[in-house]
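Chain letters run A, B, ... following the sequence lines, proteins first, then strands; residues in each count from 1.
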Amino acid sequence: MTQFHETVIKFENVCYETEQLSILNNVSGEFYKGKITTLVGPSGAGKTTLLKLCNGLYSPTSGEVYIQNKPINSYEPTTLRRNVGIVLQSAPILKGTVYENLALPYTLQNKKFPKTEAIKFLNNVGLDESFLHRHAEDLSGGQRQKVSIARTFINHPEVLLLDEITSALDPSSVNDIEQLILKINQKYQVTMIWITHNIEQAKRVGDYTWVMMNGQLLESGETNILWNNSNKYIQNFVSGVQEV
Amino acid sequence: MSYTTLSLTLIFVLIPLFLSKTLKLGLEKDTIIATVRSIIQLLIVGYVLKFVFETESIVYILLMITLMIVAATLNARKKGKAIKGITWKIALTLIVVEVVTQGILLGLHIVPATAQYIIPISGMLIGNSMVLSILFLNRFTAEVESSRDQIELILSLGGTPKQAIHKQLTNSIKASMIPTIESQKTIGLVQLPGMMSGQIIGGADPVQAVQFQILIIFGLLTTAALSSIMVGFLSYPTLFNERMQILKSV
Ligand SMILES: Nc1ncnc2c1ncn2[C@@H]1O[C@H](COP(=O)(O)OP(=O)(O)O)[C@@H](O)[C@H]1O
Ligand SMILES: [Mg+2]
């Protein structure tokens, strides 16, 4: 199979450490344009940290992250983050209405977000118009997650970073969100990095996958590396045994 | 009041000592230390003030104000250790508070330009400014720590550090100013303010004492606003780096 893949994000010997511990250890690899790469691995593996390195919320302690072949630091941070959107794992919600939360990307640029647009984005994530003026803090975990997803879409990012975005959703919502993300991926050629602890989900949605453990990238490639893998750790992880 | 009469007031120290001992509160040592320290510190201040008032030298006045600012800075900075350059940020704030308030009071001839007025008023305002800085820093560091996610959210949507921390900054400024404003709503109803009581006991006309108290109250409001806002706006940028990332620990 010979295919030309344009690299959008490239990690080159990336390490990330705090004073006490090493969180990412010498990670190198590439994410391709218009593809969905899933990031799997036990909790504490460093997946969230890796994602936050992609939009400059963190910077590597050593090594380099390239976005479209240019070092990430050559981009102005606010522009970079609008182009590389992230849906955060905790789905943080600001005090106020759902509308105010959705309008945030606009208000940060002193622009007004049209209500009709807001309703469109709400509908896309499976919430109806009546949610617009609800207090965001009163929403259920799943509803918050949906608002959080919609809010990230509003900047029309070229790259989407998704951090366990379906963890609080019921099965039918999981399916809706997966379909929505796949649709956006195909329609707009959005490059995606999707963290999931659910191997079945990684199989359903991913073109490629990275398997992470203890701050290291154990293996990367097409999603089918997740089965029939010779690596014992990966076999164990895939079959649900998460200890190493 | 003679020193013999004054020494009778030690009864007020003996009462808590006795109670602490019988109820085993374990406060005897601290009570004695507090008593001795207050006697020594106040006596020194009394004699120093007497000297400064008699000489009326601008050098001594400035020296005393400098000492007040240094002491207040050293005290307040403990609460903001994690903030880079907090010492000079607080010192600068206290200097601005002092210059602005005395500038208004002396510039508009509201009070006479003598040590007798300048020093006590400076002491009250600088002291208040120190308390406000501490209240602000306590609140601000706690707010930032508990809302890291929300700060990262705004940064991740393309917000600037100033936008990301705006809520925590204004909340903390407001929260630190509330006690100053609230305490002034009930002032005089229950408790007569210390300065006013002192003047009345010292034989001043109560109405004149009230006038000075009003001056101080208004001064405290300016001080409160200036201190929190200045410390706040000087501090928040140090929580971020030049890549607009929030630093790990505050
Ligand atoms: N701000 C932080 N300070 C110190 N350690 C952290 C911080 N954030 C994450 N860690 C540690 O880094 C490791 C990786 O975390 P994370 O990237 O969140 O992993 P994952 O998303 O795979 O669960 C964990 O051991 C975690 O405890
Ligand atoms: Mg995570």
Side-chain angles (χ1 to χ4, degrees), chain A residues 16-20 23 48-49 51-61 65 71-96 101-111 136 147-148 151-157 160-161 163, chain B residues 78 80-86 136 138-178 228 232-250:
Chain A
Y16 182 83
E17 47 209 38
T18 62
E19 287 101 64
Q20 303 89 16
I23 296 174
T48 298
T49 305
L51 221 56
K52 288 180 178 177
L53 285 162
C54 296
N55 70 347
L57 278 179
Y58 298 165
S59 289
T61 325
V65 177
I72 193 166
N73 281 356
S74 66
Y75 296 90
E76 196 277 325
T78 59
T79 319
L80 170 74
R81 289 169 190 164
R82 278 188 206 110
N83 284 323
V84 182
I86 186 169
V87 183
L88 293 163
Q89 187 169 10
S90 57
I93 284 288
L94 297 190
K95 217 168 153 177
N101 270 274
L102 290 177
L104 197 54
Y106 275 66
T107 33
L108 290 174
Q109 299 186 71
N110 300 315
K111 291 192 292 193
V147 170
S148 166
R151 187 176 52 194
T152 301
F153 291 163
I154 285 163
N155 276 331
H156 294 293
L160 255 183
L161 311 170
D163 198 348
Chain B
K78 290 179 213 151
K81 280 211 179 99
I83 293 166
K84 229 183 289 160
I86 191 64
F136 170 81
N138 269 343
R139 177 69 180 241
F140 189 54
T141 44
E143 286 244 353
V144 170
E145 217 36 74
S146 68
S147 46
R148 245 162 208 290
D149 270 2
Q150 305 200 345
I151 295 170
E152 275 197 349
L153 167 73
I154 294 176
L155 292 175
S156 77
L157 290 171
T160 60
K162 189 173 175 189
Q163 289 174 321
I165 205 146
H166 181 260
K167 193 79 180 283
Q168 289 70 27
L169 187 60
T170 49
N171 277 354
S172 311
I173 290 174
K174 241 167 82 182
S176 62
M177 286 179 63
I178 284 172
S228 296
F233 277 85
L234 290 173
S235 303
Y236 89 80
T238 61
L239 304 182
F240 297 88
N241 64 19
E242 73 292 346
R243 291 300 299 164
M244 299 193 185
Q245 296 163 344
I246 177 148
L247 300 180
K248 279 284 166 219
S249 61
V250 176

So if I take each residue of residues 80-87 of chain A and look for any heavy atom under 4.5 Å from a heavy atom in chain B, which residues do I end up with? A:Arg81, A:Arg82, A:Ile86
Can you confirm whether [X] sits close enough to [Y] that some side-chain heavy atom of one is under 4.5 Å from a side-chain heavy atom of the other?
X        : Y        : result
A:Ser148 : A:Leu88  : no
B:Met244 : A:Glu76  : yes
A:Val65  : A:Cys54  : no
A:Tyr58  : A:Ile23  : no
A:Thr78  : A:Leu108 : no

With a strict 4.5 Å heavy-atom criterion, list every residue of residues 150-160 of chain B that contacts chain A, or say none. B:Gln150, B:Glu152, B:Leu153, B:Ile154, B:Leu155, B:Ser156, B:Leu157, B:Gly158, B:Gly159, B:Thr160
Do any N or O atoms from the side chain of B:Ser228 and from the backbone of B:Phe136 form a donor-acceptor pair under 3.5 angstrom?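 Not at all, since once roles are kept as given, no pair shorter than 3.5 Å links the two residues.
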Go through A:Leu161, A:Thr107, A:Asn155 and name the one with the most non-hydrogen pairs under 4.5 angstrom from chain B.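 The residue among A:Leu161, A:Thr107, A:Asn155 with the greatest pair count is A:Asn155.
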Ranking A:Thr79, A:Leu94, A:Asn73 by heavy-atom pairs under 4.5 Å to chain B gives rank one to A:Asn73
Where on A:Leu57 is there a heavy atom nearer than 4.5 Å to chain B: the side chain, the backbone, both, or neither?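 For A:Leu57, the contact with chain B is made by backbone and side chain together.
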What part of A:Ile93 is in contact with chain B, defined as an atom under 4.5 angstrom from a non-hydrogen atom: side chain, backbone, both or neither? backbone
Heavy-atom pair with the smallest gap, counting every atom of B:Ser235 and B:Thr238: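 Nearest pair, atom of B:Ser235 first, then B:Thr238: O-OG1, 2.7 Å.
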Quick check: closest heavy atoms across B:Ala175 and B:Arg139, and the distance to 0.1 Å? CB-NH1, 3.4 Å
Please list, chain by chain and in numerical order, all residues satisfying side chain to side chain contact (heavy atoms under 4.5 Å, CB included) with B:Lys78, sequence neighbours excluded.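 So B:Lys78 forms a side chain to side chain contact (heavy atoms under 4.5 Å, CB included) with B:Asn75.
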Partner residues of A:Ser74 under the side chain to side chain contact (heavy atoms under 4.5 Å, CB included) criterion, sequence neighbours left out: A:Lys70, A:Pro71
Check the angle between the aromatic planes of B:Tyr236 and B:Phe240 and answer parallel, tilted or perpendicular using the 30° and 60° thresholds.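 Geometry flag for B:Phe240 against B:Tyr236: perpendicular rings.
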